[in-house]
Amino acid sequence: MSNRSNNLAEQRLMKLLDENSFMEIGSLVTARSTDFNLAETDTPSDGVITGHGLIDGNLVFVYSQDASVLNGTIGEMHAKKIAAVYDRAMKMGAPVIGFLDCAGVRLQESVDALDAMGLIYEKQVMASGVIPQICAVFGKCGGGLTVVPGLCDFAFMEADKAKMFVNSPNAIEGNRTEVCDTAAAAFQSEETGILDFVGSEDEIMLNIRDLVCMLPADNTANGYMEDCTDDLNRLCESMENMKGDARYLLSEIADNHVFFETKRDYAKNMVTGFIQLNGMTVGAVANATEIYDENGTKTETFDSTLTPKGCDKASEFIAFCDAFEIPVLSITNVTGYKACKCCEKRLAKSLSKLTYAFANATVPKVNLLVDKAYGSASVIMNSKSIGADLVYAWPAVKTGTMDAKLAAGIMYADASADVLEQKAKEYEELQSSVVTAAKRGYVDLILEPQDTRKYLVAAFEMLFTKRMDTPYKKHGTK
């Protein structure tokens, strides 16, 4: 174990890991290149501290870039140390956590440094879907290094000092840092869809620890289970009154009210994250039309529509859950698609990705309808048509092709107002009622909102041993 108590890169690892659990590997490695007087420069650990430790008793492999050594730049030996971390993690079946604080590739090593960057990419790709990959940006993360958090499953960023950019803000035509700081954490979390959480260093460490404790160690773990201390039959009050706020619904359903949200600042109308039900980790994907603060005040509202950003966010999350055998719960409250020129450019592609993600996933899938489930948008949101194992609904849910008044207006365009009102009422009774969907087998159970938790616990327990045979293929194309 290293004794460099004043080293910032190592201090970060000590904050993250259980006390006295960090074991450093490769502390004596230094740069091999001698060009441009590099041989005369002290490069301890070649600018990256690597090793393994424990988080709440769970084995993790870690690396932390040291900006005090050549600005943390990536060279040949630097990259080989990170690659060795990935090799050990895949052998042992444990997550990799990386702390990024780097000025980019090492100019003194030129093509060797570029090859080193490619080596890190390759290891990340090989590890994708095998072990969870987590990173946090604490300093600079620019140019090609931004691919690293992009390839990770979960990424965090320090709110004030960290900078992440492919092109620096001032290099973008028509932009200046004082106009729009595209390297800032706020922009990266709200616009790019890479970051899961932005906060202080201490907050990031706590979030990573919580996340690791909810994830399986690798793709052979067959779901994550721990003892549940919450009442499995606990009633969930106020659920129906808060049906627009998916974050509230998920925290109310979850064991001990714990909901870990991912990509929380990006596409807020689509909520993704993890809960536990009777100790089993479940991935949640939910439509949101409202956000309430801790005082019960409504702070944001959204249309009940699918958007390109929301679909992309959800499809990536579902793919992660499927790779690691994490069951998926969807909460559906949707009436159609966002109608604007900007969204229209990407909607069809994003909708196809979300459809593919739900249909392709072989893990247990449960869908809960809480308000409206209209049109093909509701089909895409994990309907029985595309593979949901169970579909539950609350009694007041409206479903079908569209709102009854709109449907009547289309079918009887020339009718009087009285006739339209009568036909709309008939349409709602015959086609929009969730009872109609249940009679046709599209909904398996209509349950009271307060009973949601106990039925979902029972559903995922029943589905725990689910097995599926799929057609042979190398992989899909979406």
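Just so you know, these numbers use all the heavy atoms, side chains as well, and skip hydrogens, waters and symmetry mates. Index from 1, following the sequence.
Every residue two or more places apart in sequence or in another chain that forms a side-chain hydrogen bond (donor to acceptor under 3.5 Å, both in side chains) with T229 is listed here: N256. For F260, there are no ring pair (Phe, Tyr, Trp, His ring centres under 6.0 Å) partners two or more places apart in sequence or in a different chain. Listed by chain and residue number, nothing satisfies the salt bridge (Lys or Arg N to Asp or Glu O under 4.0 Å) test with D210 (two or more places apart in sequence, or in another chain). Here Y292 pairs with E290 under the side-chain hydrogen bond (donor to acceptor under 3.5 Å, both in side chains) rule; sequence neighbours left out. S68 meets the side-chain hydrogen bond (donor to acceptor under 3.5 Å, both in side chains) test with D66; sequence neighbours excluded. For the salt bridge (Lys or Arg N to Asp or Glu O under 4.0 Å) test, residues two or more places apart in sequence or in another chain that qualify with D87 are K123. Scored by the ring pair (Phe, Tyr, Trp, His ring centres under 6.0 Å) test, F317 finds F274 as partners (sequence neighbours excluded).
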Can you give me every donor-acceptor pair (side chain of residues 166-174, partner residue at least two apart or in another chain, under 3.5 Å) with its distance?
| unit_1 | atom_1 | unit_2 | atom_2 | d |
| --- | --- | --- | --- | --- |
| N170 | OD1 | T177 | N | 2.9 |
| N170 | OD1 | T177 | OG1 | 3.1 |

Enumerate donor-acceptor pairs with a distance under 3.5 Å from any side-chain N or O in residues 471-478 to protein atoms, sequence neighbours excluded.
none

Show me the donor-acceptor pairs, under 3.5 Å and distance only, between side chains in residues 355-363 and residues at least two apart or in other chains.
| unit_1 | atom_1 | unit_2 | atom_2 | d |
| --- | --- | --- | --- | --- |
| T355 | OG1 | L351 | O | 2.8 |

Please list every donor-acceptor pair under 3.5 Å in which a side-chain atom of residues 146-156 meets a protein atom from a residue at least two apart or in another chain.
| unit_1 | atom_1 | unit_2 | atom_2 | d |
| --- | --- | --- | --- | --- |
| T146 | OG1 | G143 | O | 2.6 |
| D153 | OD2 | Q133 | N | 2.8 |

### Task
In sequence, state the C-alpha distance, the side-chain angles, and the governing distance for K81 and D46, and then conclude on salt bridge (Lys or Arg N to Asp or Glu O under 4.0 Å).
CA-CA 9 Å; K81 289 182 67 176; D46 204 38; over 6 Å; no

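Ring planes of H52 and F61: tilted class, angle from 30 to 60°.
Among residues at least two apart or in separate chains, ring pair (Phe, Tyr, Trp, His ring centres under 6.0 Å) pairs with a member in residues 67-108 are F99-F138.
Put simply, the side chain of N367 gets close to the backbone of N382: a donor and an acceptor are under 3.5 Å apart. The backbone N or O of L195 lies less than 3.5 Å from no partner atom in the side chain of Q188, so there is not a single donor-acceptor pair.
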